Amino acid sequence: TYKSLGTTKGGAKTSFHDGVLAVKNWRQTNSLHNQHDCLKMKCLSTCKDVSDLIPQGVKFSPDGLCLLTAVGNELRIYNCTSLNSSAVKCQGGDIVRSFDWYPHMNSNSPETCCFLGTSRGQPVHLYDAYNGRIRATYCPLNVERDETDSPLTVKFSPSGSHLVCGGFQTDRFLSIFDTNRPGKSGMVWKLGKTKRSSDGQKGLVSSISYAQFSPHILAVGTFTPGSIYLYDIRSSSAIATFSHIDSMAIVGHGKNFQLKSVEDEEDNFLSRAKLKWFQRRVKNGVTQLEFCNNDFTLVSACRNSDAVVSWDVRRMTSGSETPIGVSKGYSANLESNQRIGFHVQNKDFYVGGRNKTVSVYNISSGNLLRTIPMPDVVNDVSVDASTGLLAVSLGERSFDEDDGLICQGGIELWQI
């Protein structure tokens, strides 16, 4: 049985600190799995009243006390006790592209309460989660134009000591910064020897994920041409400002990554037909990558696809004669250019879709465990294991002959 934490009436705007105390008191006095009267929460009202403003993703804080989302050009924090109004708002300058919590964020330690955010035409900012002020600014350098560029995606390292950003106007490179050294002091990792060389990864970097089993392994996904590559950051020079790092392709592009004819297909992990099916699920452009907890499985989603795919990174190869290490495919309604996110939680993962449901799959077996109906299109999900709560970001743009462009969205909390 799933209980929707619906709508409350009234509710004055509270600060982030007051909200943290309220959530802690709520946890002490209520059992999430056996509470009779659920706390009522409602969707973001601003997303329903203003056109072109739909929540662009949602993430629980590492301590599970609040939610972070992007609405238009704003980054907003909501306390889990009240979604009536945001506790903190951060102006991004333009449309927010990406955000990420500090991995060791703890509300009892204000110095750890921060998150990254980047928007179009802006550098990467480190925001304070208590007051919304900018703590630090990281300025990625465009190696082609010798100027500051704005990335499409940002990601903290598991230790929080570094941040990686990619998806610049000039592709084929990543920028890495020491968290304690803001400014323009970042390193540049080249994904290929030259801009036009056939080696390495091409395309606009769209997603970055660190491996749970090793803090040195980095997975990078790109839009057209869609590809997924693994990188060992220890292979790059820590002294050089511009360094080329070795890579291994999960799904590549070009003639070098077309499966050649082999005499005995039974020796292959997958047949040619199955392999092409999985490769096509990436070619449209990768929208999200996420490693499973303490596992060698990488889960990926892409645009205009009907499935989410998992990969066994132990079955990788840099050649073209051996099939890639694909593991399983999971049915999902992702047939949209909009980024539709998923969340991996232990051995299960939650994925939304345009069919107004959240599907829960077991990664190992590939079985569909359950389906949770939602009132609208689900463009992102986030799960907090400590509280047993599921946060969903809802909404999409549609066109009506009478009313024109219609935008309806919001955020809901569900008890699972």
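Source: prediction; values computed, not measured. Sequence positions, counted from 1, serve as the residue numbers for this chain.
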Say whether Ser365 and Asn362, considering side chains only, have a donor N or O and an acceptor N or O under 3.5 Å apart. yes
Pair Ser393, Asn379: side-chain N/O donor-acceptor within cut-off below 3.5 Å: yes
For Ser310 and Tyr330, which I'm curious about, is there any donor-acceptor pair between the side chains at under 3.5 Å? yes
Any side-chain heavy atom of Ile77 sitting closer than 4.5 Å to one from Leu68? yes
Do NZ/NE/NH1/NH2 and the carboxylate oxygens of Arg133 and Asp128 come within less than 4.0 Å? no
Compute the centroid of each ring, for Tyr210 and then for Phe291, and state whether the two points are separated by less than 6.0 Å. no
Side-chain heavy-atom pair Leu191, Tyr231 within 4.5 angstrom cut-off: yes
Taking the ring centre of each residue, are Phe213 and Phe296 less than 6.0 Å apart? yes
Within the supplied structure, the quantity of interest is the number of heavy atoms (other residues, nucleotides, ligands) at a distance under 6.0 Å from Arg181 CZ; does it exceed 12? no
Give a yes or no answer on whether the side chain of Ser382 reaches the backbone of Phe60 with a donor-acceptor pair at less than 3.5 Å. yes
Contact between Thr179 and Phe156 at the side-chain level, heavy atoms closer than 4.5 Å - yes or no? yes
Listed by chain and number, what are the side chain to side chain donor-acceptor pair (under 3.5 Å) partners of Glu74, not counting sequence neighbours? Arg76, Gln91
